[in-house]
Each structure stands twice: as structure tokens, then as C-alpha cells.
Amino acid sequence: MSLVARRLDHALHDRAARRLVPSGTARRRHLVLVEMALAVLGCVGGYLLWIDGARHFEVLICEQIIMALGVDRISAALGDSFLVFGPGLEPVVAQMTGSCSILSSVLALAALAAIVLRERSQVIAGFAVAAIFVLAANQVRLVLSLLAGRYFAVDALVFFHDWIGAVINFAYTLIGLLIMIGMTMYDAQRAEQDHTGRHTADRPEAWARPGLGHRVPLDDGDAPKESKVQVAAFLHRRVLPRALSARLARRRERTRVDYRVGHENAARRAAIVRDLAGKGLGVHTATLLAVATHETDIGVLDALADAVAARQWEPIASADVIALRLWARAWLMRAPAGTGPAPFGTGPAPAGAGPAPTGRLIAVTGAGGPAGVAVIQALQKAGDEVLALDANPEGAGLRLAAHAAVLPRADQPGYAESLLAILAEHRPSALVCTVAEEYRALTPLTARLDEMGVRTWLPDPAAAETCLDKVAFATALHAAGVPHPATAWTADTAGLVPGPWVVKPARGRGSRDVVLVDEPADLPHAFFTVPGAIVQTRLEGREFTADALVARDGRMLACVPRWRDETRGGISVRGTTFASEAVTEVVAATLRAVGHSGPANVQGFVAPAGEVTIVEVNPRFSGGLPLTLAAGADVVGAYVAGILDPDADLPPLEFRPGLRMARYFSEIFYTSTDELVGAAR
């Protein structure tokens, strides 16, 4: 055999072998034919099995509708037929045949759902809604046919059922099919851009607030064609209240922000932005403009601006690309935080010094107090920038932060407006309040803060009020069985409290107006001298303060007790951390009794015999916070993490007992124009 003959024989053998193995197309064709055969068998079998039950069921429903309408001379006593008496009382039996039933239509819809649409989770709901619609429409057809025979003539019943009813039957079957397909094929995640390049993708709830970036203007040529009658615009401008209109606008905005970016965390959003920009500014322009328009995280906006600036060589594809480049240029040219002469702030640390910046800006109220200064320094140590806020323009904390502003007191008019204006200008990521008396003014502003992207974590108003009012605090601890000194707040009961005594205001702070009384004869004078006074038994033993942090779910994440070895003006200047299960248990019981969450410092005494008694709770960070931080319990960092992510599972914090603290003075130097010229720390 020649070489050509052998190769031809080999080719014919391979071709014959391949014919024995069906191709993928043939296998799919066979599978489709099998599925179609099964669908036909299912429809026929279901019809034969259920048609009698379906007829009786539909007759029963139609009978109930006829009875509800109050129509007489129509009876369904035959079970599968209707007995109708016409206008002349001539009887006719209208049989419910199989062609009148919805069973065939429902079985066809079921076969389509099982064979074609089975891979979509919405198919069950779509089939259910379509079947209910078909049933309701068929009942309308039956009722109208019976009414035609009852009030007009038997011929009218036959005509309506056979001709008009057939059209109705075809219409409701087709509409039911469209309902099922529409509900099954719907997908909320639409394409990112339409054919004109406009942004059309769904946006998550996290991007429903206005951001820090660019607002995209619409040219007349690019603006969508408006109808002559704008009903929605008229309702929003003339009819709906402004608050409701704004709420609806925010809700509408939630459905428009790019779903691919907005739901991720800040680091992931920054990475996505760099990746999208790297593919070309003209490719994902809508997404990048959505980020520039609605993003609130400084780090993500920095990443976007850097990515846009790195592609200056790219040709201009549209006006949106020009807008994106102009935004990036303006963002990169903004004054770096803390540089140059400024009313407040020391500016950034020298290059190579300090921790790596986090890119976050945290606002801190009460910056002039010891707690505020401690929080500012802890945040800066972690790499955060700080916006310091205080009512005292001479507050030292204002000179420690990169940004600062003076506010009115929380109990003065204009506090809310001033605070919101400052936060809207700087757009910090979070707000930390170190003044418990500000909670009452801040709580009504939480919704406005959320809209600006400023997160905060305030304790329950009732819990904060209980801690600030020493009468309510004593009542709550007494009800919970937590050890607390005997307390009286009326002149009639003050003499019943065992001495020696301490007289202090029911709402006071910083050991102001506190009077120690040893003689019973001096007690009335002290009680009437101190404004809003309460009387308590003066405790013996060793005084302590416990810095605590309570999670939103009530778990105590940290309890760092320290001895108050020396105090000045109510502030601890010497202290030592210690570990005590008894103190920790009583502190936890105290915070549970008042229902507090967030930072707190709990003050009390440990008697020589070991009994622990609680004196008061301040629902905020304490002035001795630096000792807690130095002992290893980063309550500030954990608190800020809980602010930025309310659902975060914060871990418990450990600390080092036996660590001692001694405070010393530190100076800050600044001119009369508030420009810092140096600082000694």
C-alpha cells in the first residue's frame, strides 16, 4: 500500500471514529430535546392528574365572588358547573370545561420556569405572581360570562365566553408570561455606563451623602431632554416639605453611585481607583467622576488625584476627562495640612519623624482640657491628623493639633451651627467628644454628621444624664445593688447621713465647690452654701480611678484601674496602675447599672478591708488617660476604630499593672497673632 493510500485510510478511520462521539453541539441539542420532551410529558401528566381538582377549585372561588357581589339565580351546587337562570328564569348549565380552567396556562408557565429560567433565584417568586395573576384574570372572565347570562340571555353567556373570553384568555396568559419573565430576568446591577457614556450603575447606601470632591456640571448639549411638564420637579419645589424632598433626593442618590467601588473599605477603594485609572481615564470616566463627586475619605481622593496626574500624557477623550483632570489638579494643589503660617497648629512632623500617616482627620472637642490633650497626642502618635475644637481660644490643645477652631460653649446659642460649619469645611472622618456636658447638644446632630460623613459614637443620652446627675447616679446604683456612699440631697435628710461628710454639687466637675465637713454643726451651713448640694459619707481607704471602654453591645473591653497617689484640682498628677478582680467586677456592674457605652472613668475607694465603693462615673476619657495608654491599653485607638466601623468586633485590651506616672509642666509658645513659634514638650 502506498503512502498516500495509507494516509487516506488513516484519515477515513479517524473521521469514522469521531462520528461515534457526539460533538458538544449535538449533546446540547439532545439535552434540549430531552428537556422539551419532559416538559411536554409534565404538562400532559399534570393536566390529566389535576384537571378535576382545578375545575372544582375555580368553581368554588367564582361562587364566593358571586355571593360577595350579592347576585342571585347563579348556583355552583353541581360542583364542576354553574346553574344559571336567565332573565326569563330559563335554566342553563354552564359547564366548567378543561379549556376554561387556568391549569393548562399554569402548567405551561411552570414548564418554562423549570426548563428555561431555573438558574435564577427569582423564578419562584416570578412564577407565583404570574400564576396568581392568571387565576385572578380567569375569575374575572368567568364572573363576566355568568353575569351576561344572568342579566341578558343565555346566548350572551355563550358569546361572551367563546369569543370575548377567548381574547381575555390569550391576553392574561401572555401577560402572566411577561410578568414571570420580567421578575425573573431583572438584575439590579445595571451596566456601569450606557451608550452615551453616562453613569447608570446602582450605588450603595454608603455613598448616599455628599462628598468632598467634584460636582460634574451638565452642558446644554449633554443635558437629557426634559419633558414639557415636569411633575416630579413641581412636587419637590412647590408641594413637598424641604426635609422630605431632601430625604427623597438622598434615597434616589443611593441608587446611582457605582456599586463596584462604594461598598468596599477605604484601602480597597483606593486600590480599585488606581486600577481603573490605570486602564485609561476615558474607559472608566463615569466611575472615576463618581469617586471624585461622592467620596469622603481623604486617602481615596489622594489616590484618585495621583492616578489622574500620572496619566497627563493620555489624550483628552471627552469633557468629563477634562473635568476629572481639573479636579485632580485642584486637589493636589490644595495646601497640605498644617503647612505655612496658620492661626493654630504646629504643622506636620519633620520628614522621617513620627509614625506613618493614616490619612485620617479626627476632630476632638474639649481640646483645652487634660483629657482632650491626651486624646490629641494619642491620635497623633498613631499617625492621625487632628482637628482640635474648644470654647477657650487660649486652650493649649488648639496649639498641638494641625487644625483647630474655637467654638461657643455647648450651652450657648450658635454651638450647633458653628460646629457643623467647621466640620463641613474640614470633613474629618470621626468626631471624638471629651466633654460629657456636650453630649446633650451633640446627640440631635448625629443625623447631620452622618450626612457629612463625620462618624461619631455617643453614649445613650439617658445613661450620660444619669452619670452627670449625682442624685440619679446614686439612685441607679442603689437600685442595682452596687456599693455607693450614703447620699442625701434634701436639707431634711442630710442629717441622716453618717459622718464625716463631703458636700458637693449634684451637677459639678473638677472638684469644684467640694466642701469637707467633720462637725455636725457645720453641715447645714455647707449644705446651703454649695449650689445644688448633695451630702455623702466621706469614705476611708485608698482612692482609685478606672479608665474603662464599653462596647456598643455592653461588653467591657478595657478596665485599667490606677491609684490616685496625688491629685491637684481633681486631676491625678501621680498614679500607679494595679490589677484587681474586685475593682473590675464592681466597675463593670456600675457601667451596666447606668447603661453606658464608650469611654468612661469610674472613681471610687478601696477600704482597708478590701470593700470597693463607687463614688462617681464620668462618661468620657479621663485626665489621667496618658497612664492608661502608657500601660498598653490603647482605649483611644479602639474607640476610634469603633467609631469608624460600628459593626467592628473590638477585642479586649490588656494593660501592664504596676506602672507609675508623675506629671510635670510643659510649655507652648505662641505670639499674639496665634502663630506658633516653637513648643517645648
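Please read these numbers as outputs of a predicted model, since none were measured by experiment.
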Enquirer: Quick one: closest heavy-atom pair of V635 and A558, and the distance?
Expert: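 Closest pair (atom of V635, atom of A558, distance): CG1-CB, 3.9 Å.
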Enquirer: Nearest 0.5 Å, what's the CZ-CD distance between R564 and Q603?
Expert: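 These two atoms lie 4.5 Å from each other.
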Enquirer: For the pair Q380 (side chain) and Q377 (backbone), establish whether a donor and an acceptor sit closer than 3.5 Å, ignoring hydrogens and angles.
Expert: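 No, Q380 side chain to Q377 backbone: no donor-acceptor pair under 3.5 Å.
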Enquirer: Kindly check if the number of other-residue, nucleotide or ligand heavy atoms within 6.0 Å of CZ (R660) is above 12?
Expert: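 Atom CZ in R660 is not crowded, with 12 or fewer foreign heavy atoms closer than 6.0 Å.
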Enquirer: Within the 3.5 Å criterion, strictly below it, is a donor on S622 or R562 matched to an acceptor on the partner's side chain?
Expert: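 Yes, side-chain donor-acceptor contact under 3.5 Å.
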Enquirer: Tell me, yes or no, whether the heavy-atom count around R448 atom CZ, taken from other residues, nucleotides or ligands under 6.0 Å, exceeds 12.
Expert: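 No - once you tally the heavy atoms of other residues, nucleotides and ligands closer than 6.0 Å, there are 12 at most.
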Enquirer: Judged by modelled atom types alone, do N601 and T545 share a side-chain donor-acceptor pair under 3.5 Å?
Expert: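 Looking only at side-chain atoms, T545 and N601 do not form any donor-acceptor pair under 3.5 Å.
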Enquirer: Considering non-hydrogen atoms only, spot the tightest contact between S597 and A551 and give its length.
Expert: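 Here S597 and A551 meet closest at CB-O, 3.6 Å.
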Enquirer: Between the side chains of D302 and W331, does any donor sit under 3.5 Å from an acceptor?
Expert: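 A donor-acceptor contact under 3.5 Å links the two side chains.
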Enquirer: Can you measure from CG (L650) to CG (L549) and round to the nearest 0.5 angstrom?
Expert: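 The distance works out to 7.0 Å.
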Enquirer: Whether the D565 and T576 side chains hold a donor-acceptor pair (N or O, under 3.5 Å, no angle test) is what I'd like checked.
Expert: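 Yes - a donor-acceptor pair under 3.5 Å links their side chains.
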Enquirer: What are the two closest heavy atoms between L627 and L659, and how far apart are they?
Expert: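 Looks like CD1-O, 3.6 Å.
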Enquirer: Can you tell me how far the CD atom of E438 sits from the CG atom of L431, to the nearest 0.5 Å?
Expert: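 These two atoms lie 8.5 Å from each other.
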Enquirer: Any side-chain donor-acceptor pair under 3.5 Å between Q536 and K470?
Expert: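 Their side chains do not contain a donor-acceptor pair, so the 3.5 Å distance test is not met.
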Enquirer: If I take atom OG from residue S429 and atom CD1 from residue I643, how far apart are they, to the nearest 0.5 angstrom?
Expert: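 So the gap between those two atoms works out to 10.5 Å.
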Enquirer: Using only atom types and a distance under 3.5 Å, with no angle test, would you say the side chain of D384 pairs donor to acceptor with the backbone of L361?
Expert: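 No.
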Enquirer: When rounded to the nearest 0.5 angstrom, what is the spacing between CD1 in I376 and OG1 in T434?
Expert: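 Rounded to the nearest 0.5 Å, the CD1-OG1 separation comes to 8.0 Å.
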Enquirer: Counting N and O atoms only, with roles assigned by atom type, does the side chain of Y639 sit under 3.5 Å from a partner on the main chain of W457, one being a donor and the other an acceptor?
Expert: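 Such a contact is found between Y639 side chain and W457 backbone.
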Enquirer: Counting only N and O atoms by type, is there a donor-acceptor contact under 3.5 Å from the side chain of H484 to the main-chain atoms of T487?
Expert: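 Judged by distance alone, no pair lies under 3.5 Å.
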